[in-house]
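Working notes, beginning with the structure itself.
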Amino acid sequence: MANAFEHPIYVTRPLLPNIEAVTERMKTVWDSQQLTNFGAQHDELSKKLKAYLEVDHISMFSNGTLALLLGLKALELTGEVITTPFTFPATVQALDWNNLTPVFCDIDPVTFNIDAEKIEALITEKTTAILGVHVFGNPCDVEKIQAIADKYHLKVIYDGAHAFGAKVNGVPISGFGDMTMFSFHATKLFNTVEGGALTYHDAALDKRLGLLRNFGIVNAEEVALSGLNAKMNEVQASVGLEVLKVVEEERNKRHKIKRTYEENLASVEGIRVLTTLENESSSYQYFVIEIDQEKFGQSRDFVHEELQKSNVFARKYFSPLCSDFTWYSGLASAQPENLPQAQKAVRKVLAMPYYGALTIESVAEICAIIEDIHIKEKNLFHLVEMRELG
Ligand code: T4K
């Protein structure tokens, strides 16, 4: 019989670097009196991330949402953008703020990513781009998406908020599409407290994004375009530089946690663990399960509530579907009957606690809680069956 936890166990905890190291770095910032507007910490982090992510071009931002919003703006998109309904609100809100209309495409029931097979049918003369999300850090079908984009001359943007460090066939995730956004929010594997970045291949975007994130200011005499304030400051960059030093260690810890979950849940009927495909490597951002109510005996919502009673706060990411937001109710592509797989996933998926500081014993205990629910249901089912038989 599993036990409740004394202290709350959350879906994640921030990766906190050594405080002395952060303080030391902060002293440098204080001494310099340059707190924001592209100082030494910003430039150092930018250089280090370029190497880590193996990219030629990177621009850093105050958060992932503004990075995506301004990235779409920089690409000068118009009309319709094909995207997924199974994502965090920021993905589609970045489209809204650019006056772009999302066209929702159903998802693949195995990866929960946009179903590349269903994209082509949604293309109209207004379509200018495909906005894929590497949901839970597992890569989209990048090759198929690129083939469609090439055929119809569309831009490809990836929301890689969860995909820091993910690869496809050994190629870093930012190698695909025209542009990739990363989130460096506190809940992300790599964090700068709040923060984000865009990576891209077109050198001309360096200048445009530089303007867009800094009010369009060219110099003291000239403002070239209507931008925003979306700069990453020196405190954020300092934290990021120290977090970057411990990211690999965190990935290793998460690998062990992932294996413990997988081993403990493998025999539980009705639970599917979301894994990466053979040619892909994961970002270790989320650990996600899918609960088949019929086989497991109880719904995802029931499991979510039972875990909460034991002080375990798993999350129903990404519920509600973005297509169900009230302001999209007039869109044909947002109608539930057009998104059957997304409608199923949103009722079955649960993001489990997943962070390096989580002990292996705690993971085993969380799995035991889930197994207990299943066994209880199974016993109840047999009892009812036997009663019915006489
Ligand atoms: N695209 C996608 C696909 C995304 O998932 C996101 C963000 C974005 C775009 C936008 O990127 P950013 O603009 O955020 O850079 C969290 C994050 O706030 C959000 O960044 C993230 N996705 C989303 C999936 O998760 P919530 O509403 O779940 O956050 P919250 O505050 O409930 O945090 C979850 C748990 O984490 C808490 O229960 C406890 C723990 N926590 C959280 C914070 C903030 C801590 O232990 N310490 C903390 O400081 O959205």
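Every number for a ligand or one of its atoms is a count from 1 in the order of the listing.
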Region of [X] that comes within reach of ligand 1 [heavy atoms, distance under 4.0 Å]:
| X | answer |
| --- | --- |
| Phe313 | neither |
| Glu194 | neither |
| Tyr286 | side chain |
| Val11 | side chain |

What protein heavy atom lies closest to [atom]? Include the residue and the distance to one decimal.
| atom | result |
| --- | --- |
| atom 44 (C) of ligand 1 | His185 CE1, 3.7 Å |
| atom 49 (O) of ligand 1 | Ala186 CB, 3.9 Å |
| atom 25 (O) of ligand 1 | Tyr317 OH, 3.4 Å |
| atom 34 (C) of ligand 1 | Arg315 NH1, 3.6 Å |
| atom 4 (C) of ligand 1 | Phe88 CB, 3.4 Å |
| atom 1 (N) of ligand 1 | Asp159 OD2, 2.6 Å |
| atom 22 (N) of ligand 1 | Lys188 NZ, 3.1 Å |
| atom 33 (O) of ligand 1 | Thr187 CG2, 3.9 Å |

Hey, which atoms in ligand 1 end up nearer than 4.0 Å to a heavy atom of [X]?
| X | answer |
| --- | --- |
| Gly195 | 15 (O) |
| Thr65 | 10 (C), 11 (O), 12 (P), 13 (O) |
| Thr12 | 36 (O), 39 (C), 40 (C), 46 (O) |
| Ala90 | 8 (C), 9 (C), 10 (C) |
| Pro14 | 45 (C), 46 (O), 47 (N) |

Could an N or O of ligand 1 be found under 3.5 Å from any N or O of [X], whether backbone or side chain?
| X | value |
| --- | --- |
| Thr87 | no |
| Tyr10 | no |
| Arg13 | yes |

Any salt bridge linking [X] with [Y]? Criterion: basic side-chain nitrogen under 4.0 Å from a carboxylate oxygen.
| X | Y | value |
| --- | --- | --- |
| Glu120 | Lys151 | yes |
| Arg25 | Glu44 | yes |
| Lys245 | Glu242 | yes |
| Glu54 | Lys167 | yes |

*Would you check whether Gly196 reaches within less than 4.0 Å of ligand 1, judged by its heavy atoms?*
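The answer is no, since Gly196 has no heavy atom less than 4.0 Å from ligand 1.
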Given [X], which of [options] fulfils the side-chain contact (heavy atoms from CB on, under 4.5 Å) condition?
| X | options | result |
| --- | --- | --- |
| Val142 | Val168, Val156, Asn113 | Val168 |
| Leu212 | Leu69, Leu205, Leu70, Leu66 | Leu70 |
| Leu72 | Val81, Leu95, Thr128 | Leu95 |

Are any side-chain N or O atoms of [X] and backbone N or O atoms of [Y], one a donor and one an acceptor, separated by less than 3.5 Å?
| X | Y | value |
| --- | --- | --- |
| Asp115 | Asp106 | no |
| Asn214 | Asn37 | no |
| Glu234 | Gly39 | yes |
| Asp159 | Leu68 | no |

*Considering residues, nucleotides and ligands other than Lys348, do more than 12 of their heavy atoms fall under 6.0 Å from its NZ?*
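Enclosed.
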*Out of Gln93, His134, His162, whose heavy atom is nearest to atom 5 (O) of ligand 1?*
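Nearest option to atom 5 (O) of ligand 1, by heavy atoms: His162.
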_Distance alone, cut at 3.5 Å: any donor-acceptor contact between the side chains of Ser183 and His185?_
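The criterion, which ignores hydrogens and geometry beyond distance, is not satisfied for His185 and Ser183.
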_Less than 3.5 Å apart, any donor N or O on the side chain of Tyr328 or Gln335 sitting next to an acceptor on the other?_
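Distance-only check fails for Tyr328 and Gln335.
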*Looking at atom 31 (O) of ligand 1, is any protein heavy atom nearer than 4.0 Å to it?*
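Neighbour list for atom 31 (O) of ligand 1 is empty of protein heavy atoms (cut-off 4.0 Å).
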